[in-house]
Number of protein chains: 4
Amino acid sequence: MATQKSTRPPAPAAERPHPDATRRSQRSRQAIYDAALALVGEVGYPKTTIEGIAARAGVGKQTIYRWWSSKADVLLEAFLDLGEQAAGQEAYAIPDTGDLAADLKAVLRATVDELRDPRFETPSRALAAEGVVNEQLGREFVAKLLEPSLQLYVDRLRAAQEAGQVRPDIDPRIALELFVSPLAQRWLQHTGPFSHAYTDTLVDYALHGLAPR
Amino acid sequence: MATQKSTRPPAPAAERPHPDATRRSQRSRQAIYDAALALVGEVGYPKTTIEGIAARAGVGKQTIYRWWSSKADVLLEAFLDLGEQAAGQEAYAIPDTGDLAADLKAVLRATVDELRDPRFETPSRALAAEGVVNEQLGREFVAKLLEPSLQLYVDRLRAAQEAGQVRPDIDPRIALELFVSPLAQRWLQHTGPFSHAYTDTLVDYALHGLAPR
Amino acid sequence: MATQKSTRPPAPAAERPHPDATRRSQRSRQAIYDAALALVGEVGYPKTTIEGIAARAGVGKQTIYRWWSSKADVLLEAFLDLGEQAAGQEAYAIPDTGDLAADLKAVLRATVDELRDPRFETPSRALAAEGVVNEQLGREFVAKLLEPSLQLYVDRLRAAQEAGQVRPDIDPRIALELFVSPLAQRWLQHTGPFSHAYTDTLVDYALHGLAPR
Amino acid sequence: MATQKSTRPPAPAAERPHPDATRRSQRSRQAIYDAALALVGEVGYPKTTIEGIAARAGVGKQTIYRWWSSKADVLLEAFLDLGEQAAGQEAYAIPDTGDLAADLKAVLRATVDELRDPRFETPSRALAAEGVVNEQLGREFVAKLLEPSLQLYVDRLRAAQEAGQVRPDIDPRIALELFVSPLAQRWLQHTGPFSHAYTDTLVDYALHGLAPR
DNA sequence: CGTTAAGCGAGACGGTACGTCCGGTCTTTTT
DNA sequence: AAAAAGACCGGACGTACCGTCTCGCTTAACG
């Protein structure tokens, strides 16, 4: 996949029939991102309207419709932009102390905390929900937000395989789902409590299996 | 769990101030269920409107507002009703042949097939998505639709524990998530292929763990 | 032409596909008339908008679109309604003192004064202008507002013919235009001063002709 | 009347703050005139937009706003330009055969035919309508398009006065309205049939008066 | 004869209004 | 008293234009 990372806009979906992107107002773009995230946080996703975003951003509605195809699309890019801005600070990787179980538990505990941060929770939920029903957006959501994070688990598990802590015939992309997916489902669907104890348990079960040894 | 099965409506959140339920038109109710499910299947959830349901059902809008609080609520009950009608035929339980792995694989393969049936897929997705964003509905969705199915896994796993095929210190309610949640996530979020081979792998990984023995 | 004058609405164009007129809110109708006339008077016709009328009348836009097809249509009916309300008071006829010239001069002087009343001027101009460009509306405007007034001149001229003051071979419907049309044109198009002296002159010229006798 | 025919633009209202007129693109100007007239003819005045004219003329919107103040203004000048181009061919004057009645009838018959030519009808109506509602434009319309034509009647009537065919105390500027205004009104407002027979009648009535002699 | 400043095409921008759709309430009539 | 029907107020939708505002680009006039 050839990415055109030389031009600055952070991957503008490319499929939509864009007007001249070089004339685009960065000022408006940022104002729209800010307004969208703020509104979703304040009144929730369903009550966030394009008109509302435009008004709050001090922007004409057409400026939104010119560059995005839907409310969900705006929010997705706003969220991606938020992530990019945050990206500089964090070194996004799973620690490798040699103790796989401890490393996974630490990361999952951190994830639990992050998912509880209301700053992220409302827009994430909104996007996830929209992705469930709108396949195109869902795939974009997964590709741009989910997969990059999951890849970190793949890397860590492969390192564990080389260190002999994970069976060599295991597919890491599937293995990671044993603890990531349960966490995701509890968060998304409220199917159960959402705690550090829970994620610790998941890691233990996943690593050692349910069957007696 | 005490169910109030005397009033026939399948427990509609109880908080809403219902008019006299005994005078309710079953004719209209069924027509609304049918219309709602048909419309969601045909045009998708977001384009399904209360007006549309009323028109298709040959019913006044007020008749819907009288008995339900939202589009999601209508659809949830319509879907429950659908499930109840189907329930008579099937004996809903997980087989117990003594071979836990085989039994789980069989059930998960059947689940994969069922989730692909478009008759169920659109409304299920719609409800799941709504539940992600609307906590009240989400909890109802889980309690009425998800938990009863998960309980079957709990039962089967407990039997396996008694048979010595699962470690006695394992919590079955958590254990089942090792294979159910990954499947759910792949279906909801399109995070990966959705096949019999995949579910078989999940069962193997979950039972025997990722770590070498 | 069969008119259905038993139903109360003052001739609702009949051609448009009306919803159930018996359920119509008279309250809203009157509020819309009032708002439309007020706005046209205050900000002028072009800056009068359907949204503005709806807002000022405290009415949903749809309630306007349900019953009228355009801004011009609303204003025409509002104006007709205004006329009907005023109709009760005045005995609308041209006096017959036996002196045709004097009677015509009196009526035309009164017309000059009336056309200068800003209460009538703005909406009249707006309707006349719209009628110039929109033939359908123009014909309605003429039939409902103009012709009834012109008919009064026809009647007076016929009386004058019987009294021997107008040649018997004259067509009154054409004759009246000799003094009415010049007045109308000066008012509509600002083609010249608009005064009592002018209308007096018109009557003299029209009655006695341009040619020497 | 002092005309400043040295600068080529046909007297552009003078009040507007013009940029350097010597650098003006005649190419664009003509394209705009053509586009404006074509669009008004094709879709009517209200649906003719500045954007549409600019697009059709292959011109930037700003080029229109730089030189004209409104849609009506563009159309007025376009129409004047059209008239000027046609002016070369015709010798615009009313014939003087010595028979006033015959001369007037001939000219009015020709006017009837001309007003029916759709090439002129749509833009004329549009301008006339706009002038009814917009006094400034209306006065310009009258001064530039109407008065020059009416002046021809004044001239012819004065000649008739000298020849003893019109009473010497008659004001020709008012007299001409006896037959011109009725025609104008019937055309503008569809208040009656619009034919050669009608104009002939008008001339007869106007010359000889309504009263018996 | 190159510099420079205007007009120009293009079109993004903040806005306003359009005409439509639907939400949720209310009223009238029928069953 | 519930139900069918649908008018009503409100408000968001996505579109069309408004008039303003940059952007290069061309094209004269001048230094």
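These numbers come from the heavy atoms of this one structure, side chains and all, not from hydrogens, waters or symmetry mates. Proteins come first, then strands; the chains are lettered A, B, ... in the order of their sequence lines, and each starts at number 1.
One side chain, D:Q136 or D:E140, offers a donor N or O that lies under 3.5 Å from an acceptor on the other.
Summarising the geometry, the separation between CG on B:L39 and P on E:dC22 is reported as 11 Å, rounded to the nearest angstrom. If you measure from atom NE2 of C:H18 to atom P of F:dC8, you get 11 Å, rounded to the nearest angstrom. In this structure, B:D73 atom CG and E:dG23 atom P are separated by 14 Å, rounded to whole Å. In this structure, A:R29 atom CZ and E:dG14 atom P are separated by 13 Å, rounded to whole Å. Taking atom NZ of residue D:K47 and atom C1' of nucleotide F:dC17, one finds them 14 Å apart after rounding to whole Å. Rounding to whole angstrom units, CZ of residue A:R56 and C1' of E:dG14 are separated by 18 Å. Rounding to whole angstrom units, NZ of residue A:K71 and C1' of F:dG14 are separated by 14 Å. The CD1 atom of C:I64 sits 13 Å away from the C1' atom of E:dC18 (whole-angstrom rounding).
We find the CZ-CZ distance between C:R24 and C:R66 to be 10.0 Å, quoted to the nearest 0.5 Å. Distance check: A:R56 CZ to A:T49 OG1 gives 11.5 Å after rounding to the nearest 0.5 Å. In this structure, the separation between CZ on A:F79 and OG1 on A:T122 is 9.5 Å, given to the nearest 0.5 Å.
Using modelled atom types, no side-chain atom of C:K61 and backbone atom of C:I50 make a donor-acceptor pair closer than 3.5 Å. Looking only at distances, a side-chain donor or acceptor of C:R125 sits under 3.5 Å from a matching main-chain atom of D:V132.
Residues A:A57 and B:Y65 each lie close to DNA chain E; by heavy-atom proximity, the contact nearer the 5' end of the strand is made by A:A57. Ranked by how close their nearest DNA chain E nucleotide is to the 5' end, A:E51 and A:D20 are led by A:D20. Residues A:I50 and C:V59 both approach DNA chain F. Their nearest nucleotides, taken by heavy-atom distance, put C:V59 toward the 5′ side.
Across E:dC13, E:dG19, F:dA2, the shortest atom-to-atom separation from the side chain of C:K61 is found for E:dG19. Here F:dA3 is the nucleotide among F:dC18, E:dC13, F:dA3 with the atom lying nearest to any side-chain atom of B:R66. Of all nucleotides listed (F:dA12, F:dT20, E:dC22), E:dC22 comes nearest to the side chain of B:T49. In the set F:dC9, E:dT25, F:dA3, the nucleotide with an atom closest to the side chain of B:S28 is F:dA3.
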Atom pairs, N/O to N/O, protein against nucleotides 22-24 of chain F, distance under 3.5 Å?
residue: F:dC23; atom: O2; partner: A:R23; partner atom: NH2; Å: 3.2

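Cation-pi contact between C:R29 and C:W67: absent, since separation from the ring centre below 6.0 Å together with deviation from the ring axis within 45° is not met.
Residue B:G58 is in sugar-phosphate contact alone, with no base atom involved, counting any heavy-atom pair closer than 4.0 Å across all strands shown.
The phosphate of F:dC8 has OP1 or OP2 within less than 4.0 Å of a side-chain N or O from C:W67.
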